[in-house]
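Both backbone and side-chain heavy atoms feed into the values below; hydrogens, waters and symmetry mates do not.
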Amino acid sequence: MEMLTIGAFAKASRLSPKALRLYDELELLRPARVDPETGYRYYAPEQLEQARLVAWLRRLGMPLAGIREVCALEPPAAAREIRAFWARTESETATRRDLAAFLVDHLSRTVPRDPSKPGTPGNPSEDTTMLELRYSALSDTGLVRPANQDTAYAGTRVLAVADGFGSGGAPASSAAVEALKFLDDEPLPAGSVLNLLEDAVQGATQAVQEVAGPTAEIGTTLTAMVWTGSQLALVHIGDSRAYLLRGGGLFRITHDHTMVQSMLDEGRLTPEEATAHPQRALLLKALTGGGSAPAPAPDVRLHDALVGDRYLLCSDGLSAVVPESTIRDTLAAASTPTEAAQALVGAANDSGGPDNVSCVVADLVNAESQ
């Protein structure tokens with residue numbers, strides 16, 4: 001068989017030798033032969049089409065796992081898989097486009113205030129709209145677990161969900177949430193709320209360590225939001241989640257701290273593969289016992305809020321079994337936070353209820369209209 005050197009193959013495929021070496025390392029395009037003495041790569045002419053396909057799919061943004069799958073299929077099946085991938089991409093892009101449009105509009109209207117010109121853009125009238133939360137929290141054991149290790153809480157300012165694990169999971173999740181409740185009674189200016197929240201999380205970490213003792217296998221996730229009166233401060237560690245329903249679109253505003261999520265980020269898994277991965281619940285970060293090692297840092301940041309926003313905090317007992325499309329439709333259809341929380345817990349149990357499930361739903365409303 002006539003072989004092409006890596007240089008000749010690179011020229012024929014219009015790919016660089018560096019790209020070909022990378023595709024070899026990633027197991028996307030292995031050379032037909034490697035010289036055992038020099039390590040020089042040789043390619044067969046019939047590999048040119050596969051090389052071009054790999055390059056095109058990478059330009060399309062397909063994850064590495066998806067490229068491997070497409071390259072292993074016959075052309076008709078490969079075409080169907082590419083069509084399905086692009087349909088998902090267009091759907092995700094449409095969601096991001098809507099969010100980008102909102103951000104452009106929001107930031108365009110956020111200009112320095114001129115006190116001499118009330119009522120102009122960036123200058124709200126003297127009758128400043130007062131906003132507040134309407135909220136509901138619900139936690140359920142589910143249909144399989146013998147006990148509930150989740151804790152859900154909703155108050156005037158604090159919303160929180162914690163998902164405990166290990167033999168002391170229930171007291172660990174309860175301790176984490178209890179350590180945040182004092183913020184319900186504190187004046188919380190937006191400029192200092194992140195410092196207050198970080199202090200509160202340190203208190204939550206210490207509380208969990210006291211419950212768990214030296215056992216690192218006992219701990220909890222924690223996802224919480226604190227309302228300042230104008231913004232929501234978010235703290236998040238683990239795989240519980242926070243979502244925002246705005247303008248009919250559902251946006252996840254937390255990032256899972258799991259091994260599977262890290263593999264997704266690196267392109268080593270597709271979303272479909274992640275759903276069925278045997279280690280999808282393996283956490284990379286959580287609040288745990290075993291206090292000898294430094295506690296992992298949670299995600300802490302501020303979010304702007306608008307009247308009409310609906311927020312959902314939930315344990316993975318909901319997000320792992322109920323599709324995001326169903327979560328979006330359920331949140332959009334419910335008239336009150338209580339109705340939404342009950343419907344979401346019901347949806348999780350209708351899907352088998354394999355885990356404890358907890359939901360906190362909160363609406364941002366005009367206080368004067370209530």
Quiz prompt | Over all atoms of both residues, closest heavy-atom pair of Thr221 and Ser240 | solution = OG1-OG, 2.8 Å
Quiz prompt | Flag side-chain contact, heavy atom, 4.5 Å: Leu364 against Leu133 | solution = yes
Quiz prompt | Rounded distance (nearest 0.5 Å) linking atom CG of Leu131 with atom CG of Asp363 | solution = 12.5 Å
Self-check item: Spacing of Glu324 atom CD and Leu331 atom CG [to the nearest 0.5 Å]
Solution: 11.0 Å
Practice problem: Kindly work out whether a path of hydrophobic side-chain contacts (I/L/V/M/F/W/Y, heavy atoms less than 4.5 Å apart) joins Val360 to Trp227. | Solution: yes
Quiz item: Please walk me through it: do Val322 and Thr330 pass side chain to side chain contact (heavy atoms under 4.5 Å, CB included)?
Solution: CA-CA 11 Å; Val322 179; Thr330 303; over 6 Å; no
Self-check item: Closest contact, heavy atoms only, Asn366 versus Val307
Solution: N-CG1, 4.4 Å
Quiz item: Closest heavy-atom contact between Gly289 and Ala212?
Solution: CA-CB, 3.5 Å
Quiz prompt | CA sep, side-chain torsions, deciding dist, call: Phe85, Val70, side chain to side chain contact (heavy atoms under 4.5 Å, CB included) | solution = CA-CA 10 Å; Phe85 166 76; Val70 168; over 6 Å; no
Quiz item: Is a donor on one side and an acceptor on the other found under 3.5 Å between the side chain of Arg241 and the backbone of Ser319?
Solution: no
Quiz item: By side chain to side chain contact (heavy atoms under 4.5 Å, CB included), which residues pair with Val321, not counting sequence neighbours?
Solution: Ala348, Ser351, Pro354
Self-check item: Donor-acceptor contact below 3.5 Å, side chain Ser358 vs main chain Val161
Solution: no
Quiz item: Given side chains that start at C-beta, do those of Tyr153 and Leu180 come closer than 4.5 Å, heavy atoms only?
Solution: no
Quiz item: Just one of Asp35, Asp24, Leu20, Thr5 clears the side chain to side chain contact (heavy atoms under 4.5 Å, CB included) bar with Arg41, so which one?
Solution: Asp24
Quiz item: Does His257 reach the main-chain N or O of Ala286 with its side chain, forming a donor-acceptor pair under 3.5 Å?
Solution: no
Quiz prompt | Atom pair CD (Glu178) and NZ (Lys181), whose distance is rounded to the nearest 0.5 Å | solution = 3.5 Å
Quiz item: Does some side-chain heavy atom of Ile82 sit less than 4.5 Å from a side-chain heavy atom of Leu57?
Solution: yes
Quiz item: With the 4.5 Å side-chain cut-off for hydrophobic clustering, are Val211 and Val177 part of the same group?
Solution: no
Quiz prompt | Exam field: side chain Thr151 to backbone Ala162, donor-acceptor pair closer than 3.5 Å | solution = no
Self-check item: Side chain Ser173, main chain Thr220, donor-acceptor under 3.5 Å
Solution: no
Self-check item: Pairs touching residues 57-71 that satisfy salt bridge (Lys or Arg N to Asp or Glu O under 4.0 Å), sequence neighbours left out
Solution: none
Quiz item: Under 4.5 Å between side-chain heavy atoms, hopping through other hydrophobics if needed: is there a path connecting Leu318 to Val144?
Solution: no
Quiz prompt | Atom pair CG (Leu234) and CZ (Arg301), whose distance is rounded to the nearest 0.5 Å | solution = 5.0 Å
Quiz item: Hey, does His303 have a side-chain heavy atom less than 4.5 Å from the side chain of Asp309?
Solution: no
Practice problem: Determine the minimum heavy-atom distance between Ala341 and Leu138, stating which atoms define it. | Solution: O-CD2, 3.8 Å
Quiz item: Are Arg145 and Asp355 ion-paired here, with the side-chain N under 4.0 Å from a carboxylate O?
Solution: yes
Exercise. Please name the pair of heavy atoms, one in Arg246 and one in Phe251, separated by the smallest distance, quoted to 0.1 Å.
Key: O-CE1, 3.8 Å
Exercise. Flag the pair Ile67 / Val54 as yes when at least one side-chain heavy-atom distance between them is below 4.5 Å, and no otherwise.
Key: yes
Self-check item: Lys285 side-chain N/O to Pro298 backbone N/O, donor-acceptor pair under 3.5 Å
Solution: no
Quiz item: Has the side chain of Gln149 got a donor or acceptor atom that lies under 3.5 Å from a matching backbone atom of Gly166?
Solution: yes
Practice problem: May I ask you to decide whether Arg157 forms a salt bridge with Asp184, counting only side-chain N to carboxylate O separations under 4.0 Å? | Solution: no
Exercise. Please assess Asp299 against Thr254 for the test side chain to side chain contact (heavy atoms under 4.5 Å, CB included), listing each intermediate value before the final yes or no.
Key: CA-CA 8 Å; Asp299 299 336; Thr254 54; over 6 Å; no
Quiz item: Could you state the interatomic distance from CG (Leu53) to OG (Ser13), rounded to the nearest 0.5 Å?
Solution: 12.5 Å
Exercise. Would you confirm whether Asn356, through its side chain, and Thr141, through its main-chain N or O, come within 3.5 Å as a donor-acceptor pair?
Key: yes
Quiz item: Linking I/L/V/M/F/W/Y whenever any side-chain heavy atoms sit under 4.5 Å apart, do Tyr42 and Val34 land together?
Solution: no
Quiz item: Quick one: does Leu4's side chain get under 4.5 Å of Gln47's, heavy atoms only?
Solution: no
Quiz prompt | Flag side-chain contact, heavy atom, 4.5 Å: Leu283 against Thr288 | solution = no
Self-check item: Heavy-atom side-chain proximity of Leu22 to Lys18 below 4.5 angstrom
Solution: no
Exercise. For residues Val208 and Ala172, report the shortest heavy-atom separation together with the two atoms involved.
Key: CG2-O, 3.6 Å
Exercise. Start with the C-alpha gap between Ser262 and Leu284, add the side-chain angles, then the distance that decides, and say whether side chain to side chain contact (heavy atoms under 4.5 Å, CB included) holds.
Key: CA-CA 9 Å; Ser262 70; Leu284 296 180; 4.1 Å; yes
Exercise. Please step through side-chain hydrogen bond (donor to acceptor under 3.5 Å, both in side chains) for the pair Ser139 and Asp150, ending with a clear verdict.
Key: CA-CA 7 Å; Ser139 186; Asp150 285 2; 4.7 Å; no
Quiz item: Shared ILVMFWY cluster between Val235 and Val158, side chains joined below 4.5 angstrom?
Solution: yes
Quiz item: What is the distance from atom CE of Met263 to atom CD of Gln261, rounded to the nearest 0.5 Å?
Solution: 11.5 Å
Exercise. Describe, in one word, how the ring planes of Phe9 and Tyr43 are oriented to each other, choosing from parallel (under 30°), tilted (30 to 60°) and perpendicular (over 60°).
Key: parallel
